[in-house]
Amino acid sequence: MKLITREGKLFNKIHIFDLLFLILVFVVILGAVSKFSGKNIINLTTNTENVMVEFTVETYPFHEDYFASIEVGDKLAEDKKYINGTVTNIQIIDNMLALPDNNGQMVTASDPFKKKALVTSRVEMSYKDPVYKMGKEEMVVGNVFFFTTEKVKLSSVIVDFKIVK
Amino acid sequence: MKRKINSIDILIALGILVLLFGAYKYMSRSQVDDGFIISSDHRVSFMVETDKLPLGMGERIHVGDQLVASGRYQDAYVTDVSIADSKEVIASGGAFVEVVNPTKELVRVTVDAKVNKYGPYRDLSGQEIKAGLDFWFKTDEVVTLTKIVQMVEEEN
């Protein structure tokens, strides 16, 4: 049996253009599902559950004015999407510095200009063993995280993470 | 002659129907729900700061200056300018001491601008506006890389 017949049929069963069109349709459908579901295709075919999580980030040091745009109740966001979660607590803390003085002794004290913020949020995020994800970001203590709301996008580190239910 | 329907043709027709249905649902989706607002006429006021300008250059920024981006004036105006000492901290005699760096100055500028808003995202001529992000501040006299300090005011 010929691979492609004179009429252009593969194994005398399906026309080569029909096959190409079917593949194109399949790819377009997969692409659309992947884009608009906000998940990747693997997540759609395996067990992903939503869990309520409370996590805290510690921002990098900034002048205190930078934290004026964060308020309890602010919705979290990522790019052009809202995330299903809100800010529940904000605490401004000292930024500790250690500098050598003119006698060669290390001096440790709080930075007079910059502070850090501990921001706690409660968020519904996806869990697929063993990874917790909020939007595209993997949520694990120690991860660098862009804390984002409508008004701020501050570099921070995740310092606490617990399942609420 | 009896016409035979090819099963592949049926699959292709179904595929086209699915695509058309998907396209219809996408085009007719609601864009304004649950507080999700899309607007190209949204006004915000935000403050930026920099200590990267050469000494004295901050005086070239004036209230009323119009911002420039992409080779044209934007609907964005300077509403406030302040120039302060650039302070640093050093350790001396076992304690921290605040000192003024005489080679720098801290310039803070407040801008009132019309921005594009897409849900939680807003941009001014392609630059995202959020506290903590870098922002290229440009007028017809000065350009410098700044950091957005805070959102001062925003229309609802």
Side-chain angles (χ1 to χ4, degrees), chain A residues 9 13-15 17-19 21-26 28-29 32-33 35-36 59-60 62-70 74-84 97-114 146-156, chain B residues 6-19 21-23 25-26 29 33-38 42 44 46-47 49 86-99 106 108 116-123 128-134 147-154:
Chain A
K9 285 190 171 182
K13 294 281 183 194
I14 177 171
H15 196 280
F17 288 139
D18 287 345
L19 183 64
F21 186 79
L22 278 178
I23 291 171
L24 181 69
V25 168
F26 186 66
V28 168
I29 290 171
V33 169
K35 179 171 174 58
F36 300 119
T59 68
Y60 286 12
F62 292 97
H63 282 280
E64 203 167 345
D65 294 343
Y66 282 72
F67 306 128
S69 299
I70 312 174
D74 283 353
K75 280 184 183 176
L76 301 194
E78 181 181 68
D79 298 331
K80 295 175 182 174
K81 289 185 293 187
Y82 288 105
I83 300 282
N84 189 14
L97 290 179
L99 296 172
D101 71 1
N102 46 344
N103 299 318
Q105 301 296 310
M106 286 301 284
V107 180
T108 305
S110 57
D111 186 339
F113 304 121
K114 292 185 178 180
F146 283 106
F147 176 77
T148 309
T149 67
E150 271 193 357
K151 295 182 177 176
V152 302
K153 192 169 189 175
L154 300 173
S155 299
S156 63
Chain B
N6 189 335
S7 58
I8 301 300
D9 290 344
I10 293 173
L11 275 177
I12 290 171
L14 282 174
I16 291 171
L17 279 176
V18 168
L19 283 180
F21 180 71
K25 294 293 282 182
Y26 178 65
R29 75 195 191 284
D33 59 350
D34 197 23
F36 195 100
I37 297 167
I38 299 171
H42 188 73
V44 297
F46 59 97
M47 181 196 291
E49 71 174 9
S86 177
K87 291 182 179 173
E88 294 175 10
V89 60
I90 60 167
S92 178
F96 280 178
V97 181
E98 295 176 24
V99 294
L106 181 68
R108 283 188 160 187
N116 299 309
K117 178 176 165 67
Y118 193 93
Y121 176 92
R122 58 238 333 109
D123 77 79
E128 188 176 0
I129 306 295
K130 273 189 177 131
L133 291 177
D134 287 344
K147 214 170 212 6
I148 301 172
V149 179
Q150 60 180 256
M151 307 300 286
V152 179
E153 209 173 345
E154 180 160 8

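In the text below, chain A, chain B and the rest are named by the order of the sequence lines, each starting its count at 1. Reckoned from all heavy atoms, side chains included, excluding hydrogens, waters and symmetry mates.
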*Does any non-hydrogen side-chain atom of B:Phe96 lie less than 4.5 Å from one of A:Val107?*
yes
*asked:* Can you confirm whether A:Phe21 sits close enough to B:Ile16 that some side-chain heavy atom of one is under 4.5 Å from a side-chain heavy atom of the other?
replied: yes
Engaged part of [X] at the chain B interface, taking heavy atoms whose separation is under 4.5 Å:
{"X": "A:Ala68", "answer": "side chain"}
{"X": "A:Phe113", "answer": "side chain"}
{"X": "A:Thr149", "answer": "backbone"}
{"X": "A:Ser155", "answer": "neither"}
{"X": "A:Leu19", "answer": "neither"}
{"X": "A:His15", "answer": "neither"}

_Rounded to the nearest 0.5 Å, what separates atom CG in A:Leu97 from atom CD1 in B:Ile90?_
13.0 Å
*Find the distance between OH (B:Tyr121) and CD (A:Glu78) and round it off to the nearest 0.5 Å.*
13.5 Å
*Sort out for me which of A:Asp79, A:Ile29, A:Thr59 touches chain B most, counting heavy-atom pairs under 4.5 Å.*
A:Asp79
*Give the intermediate values and the outcome of side-chain contact (heavy atoms from CB on, under 4.5 Å) for residues A:Glu150 and B:Met151.*
CA-CA 10 Å; A:Glu150 271 193 357; B:Met151 307 300 286; over 6 Å; no
_Counting heavy-atom pairs closer than 4.5 Å to chain A, which one of B:Lys130, B:Gln150, B:Glu88 comes out on top?_
B:Lys130
*Looking at B:Ala95, B:Ser92, B:Gly15, B:Ala131, which makes the most heavy-atom pairs under 4.5 Å with chain A?*
B:Ala131
*asked:* Please evaluate residues A:Asp65 and B:Arg108 with respect to the criterion side-chain contact (heavy atoms from CB on, under 4.5 Å), reporting the C-alpha separation (whole Å), side-chain torsions for both, the decisive distance (0.1 Å), and the verdict.
replied: CA-CA 12 Å; A:Asp65 294 343; B:Arg108 283 188 160 187; 2.5 Å; yes
_Closer than 3.5 angstrom, by distance alone: can the side chain of A:Asp101 be matched with the main-chain N or O of B:Gly94 as a donor-acceptor pair?_
yes
*Do side-chain atoms of A:Asn103 reach the backbone of B:Gly93 as a donor and acceptor pair under 3.5 angstrom?*
no
*Examine whether an atom of B:Leu19 lies under 4.5 Å from a heavy atom of chain A, and if so say whether it belongs to the side chain, the backbone or both; otherwise answer neither.*
side chain
*What part of B:Val18 gets closer than 4.5 Å to chain A, counting heavy atoms only: side chain, backbone, both or neither?*
side chain
